[in-house]
Amino acid sequence: MASVRRDRADPVPGAGNNRARYRRILRFAAWHLALTWWFELLLPRIGLARIAERTRTRRMRSFAQRFHALAVDLGGLMIKVGQFLSSRLDVLPPEITTELEGLQDEVPPVPFAAIRALAEAELGAPLSKVFASVEETPIAAASLGQAHRAQLLPADAADAGLHSVVVKVQRPGIDAIVDVDLAALRKVGGWLSHVRLVSARADMPALVEEFAQTSLEEIDYLHEAVNAERFAADFADDDRVTVPDVVWERTTRRVLTLEDVTAIKITDLTALLAAGIDPAEVAPVFASVMFDQLFTEGFFHADPHPGNIFVTPNTHSAAGRPWKLTFIDFGMMGEVPPSTRSGLRKLLIAAASRDGKGLVTAIRDVGVLVPSADSAELERAMTHLFARFGGMGFAELREVDPREFVDFAAEFGDLVRSLPFQLPENFLLIIRAMSLTSGVCSSLDARFNLWDSVEPYAAQLLRDERGNILQDVAQQAFDAAGVALRLPKRLDELLTRIEDGSLSVANPRLERQVARLNRTAQRSASALVFGALLIAGAVVRADDTVLGSVLMIASAVPLLHGLWVGRRGL
């Protein structure tokens with residue numbers, strides 16, 4: 001949950017606003033999709049790509065600012081969408097991520113009277129009969145609910161073994177808001193599924209449904225309580241992690257009562273140093289804990305932003321680490337199926353060992369690369385990437401001459417864009433978790449290098465899976481023996497094809513370049529004819545309206561031809 005801003009109040013929305021809310025979201029999406037289509041698809045097809053490039057930064061910043069204002073005004077799932085966009089540092093430009101990163105700290109609180117009414121209806125009694133005391137000022141507010149400190153009644157405190165608690169209460173009317181937002185997002189996902197550049201990379205309706213399932217689970221606090229206990233069981237024997245206890249007697253679908261474990265916010269560097277804790281020592285531990293969730297347990301916290309992670313000093317520790325990481329807010333959790341977990345492990349090991357071919361194989365196993373894709377060129381690109389940039393941290397990458405990145409993009413950009421990548425289901429939360437992990441670690445230590453945490457972890461995975469590796473080696477030996485047995489026959493077929501002249505040699509990269517040049521020439525010719533007819537029609541029309549109109553109408557033919565040629569090139 002985010003820290004509270006007290007300069008404004010958030011009124012409980014009525015049902016009458018739902019239709020207006022739905023239309024407002026769709027209008028925003030339709031307008032920006034139209035702008036993107038115009039600048040990123042249409043203009044490049046008619047030879048005006050420079051206009052799109054020159055205005056891209058300004059357009060990205062304008063989009064982020066407008067979405068920021070929309071999300072803060074509407075709240076609900078729009079805040080969640082903005083938070084997800086702000087975490088995608090890997091694919092989105094800083095003009096977007098920087099503008100949206102503060103969304104988690106801008107959620108206004110609901111007036112306590114509305115919170116009291118909902119909590120008493122859920123618990124079936126006045127708050128004064130249920131708790132010894134409840135603080136009216138919330139300690140945190142989020143898009144779906146807010147939290148208040150409270151004290152248990154003596155009898156309940158004795159049963160639970162704790163006295164201070166945090167009561168998390170849903171925002172009144174949030175069920176209806178979530179339904180409206182999901183309906184709008186499903187509509188937008190349907191629009192995007194008809195855009196070839198998007199549909200070739202991701203099944204947008206499926207991703208929206210994944211987001212919908214996660215959002216609906218997040219507003220069910222009974223589900224969150226179960227998640228908290230499961231997470232605690234996973235790390236029960238781990239001295240790095242603590243989890244708040246659930247007070248089940250004071251928990252319902254809309255009210256969640258937990259042990260008060262509030263400590264030092266993980267990115268509060270001043271407080272950490274004051275407590276004698278070195279932030280640079282916290283970063284690798286946090287990264288390692290997140291790796292364990294993703295690659296070992298298969299059940300992970302999908303919203304590890306700074307407001308959900310605390311560093312708790314351990315004053316009773318006689319030896320070892322004098323602090324622990326305390327996780328809260330288990331509404332957004334993800335599960336990694338065993339098959340995906342195996343692929344992710346292979347990916348991590350390949351990345352740590354700078355193995356370009358192994359990385360491509362792992363990407364294919366995870367499902368990010370379509371099985372039928374020709375990966376030889378991608379393997380070469382990954383090998384080149386590791387050779388030049390492998391092992392560098394963010395600070396080191398910032399020192400690299402930008403021209404090197406430009407050269408790499410020029411050499412391999414078309415290749416990467418042409419490959420049939422896709423975003424599998426259940427990957428949305430994995431990407432979010434890793435993006436947030438990287439961001440938190442970099443906040444703790446500007447010199448933090450993720451490779452320093454990846455490499456020892458990958459080495460441990462390698463040791464744990466030696467049995468599997470031995471099986472893989474045996475399988476490779478068996479495959480090699482099969483190739484050797486088939487080799488004489490294949491050589492004989494090759495010699496026969498050479499003798500009869502039926503052997504052909506293909507250079508995919510050269511063929512793509514020739515095809516691209518051919519399309520460019522055709523588009524240029526079409527644009528030239530289009531311009532000539534349009535100008536001629538405009539000039540002639542002053543003297544001969546009929547002929548001028550015919551020429552201007554005829555100019556549509558080369559324009560359509562140019563657009564068709566550009567479309568074939570996508």
Determine whether the side chains of S288 and R240 contain a donor N or O and an acceptor N or O closer than 3.5 Å. yes
Between R24 and D73, does at least one N-O distance fall below 4.0 Å, as a salt bridge requires? yes
Can you label the angle between the F231 ring and the F330 ring as parallel, tilted or perpendicular, going by 30° and 60°? tilted
Evaluate the side-chain proximity of L256 to V167: yes if any heavy-atom separation is below 4.5 Å, no if none is. no
Please work out whether the ring planes of H32 and F63 are parallel, tilted or perpendicular, with thresholds of 30° and 60°. perpendicular
Flag the pair E259 / V165 as yes when at least one side-chain heavy-atom distance between them is below 4.5 Å, and no otherwise. no
For the pair N308 (side chain) and D329 (backbone), establish whether a donor and an acceptor sit closer than 3.5 Å, ignoring hydrogens and angles. no
Could you walk me through whether T326 and T242 pass the side-chain hydrogen bond (donor to acceptor under 3.5 Å, both in side chains) check? CA-CA 5 Å; T326 301; T242 60; 2.6 Å; yes
Exceeds 12 heavy-atom contacts within 6.0 angstrom, atom CH2 of W38: no
Identify whether NZ of Lys or CZ of Arg in R230 sits under 6.0 Å from the centre of the six-membered ring of F299 and within 45° of that ring's axis. yes
Any cation-pi pair here, R59 with F39, using under 6.0 Å and within 45°? yes
Taking F300's backbone N and O only, do any of them form a donor-acceptor pair with Q293's side chain (distance below 3.5 Å, no angle check)? no
Between F112 and H148, does the ring centroid distance fall short of 6.0 Å? yes
Are the side chain of R253 and the backbone N or O of L222 linked by a donor-acceptor pair below 3.5 Å? no
Counting N and O atoms only, with roles assigned by atom type, does the side chain of T437 sit under 3.5 Å from a partner on the main chain of A433, one being a donor and the other an acceptor? yes
Consider only side-chain N and O atoms of S443 and T267, and report whether a donor and an acceptor are under 3.5 Å apart. no
With heavy-atom distances below 4.5 Å as the criterion, would you say the side chains of H305 and D303 are in contact? yes
Under 3.5 Å, side chain of Q146 to main-chain N/O of V110, donor-acceptor pair present? yes
Please check if the number of heavy atoms outside R66 that lie under 6.0 Å from its CZ is greater than 12. no
With side chain to side chain contact (heavy atoms under 4.5 Å, CB included) as the test, pick out the partner of W323 among I277, I264, L272. I277
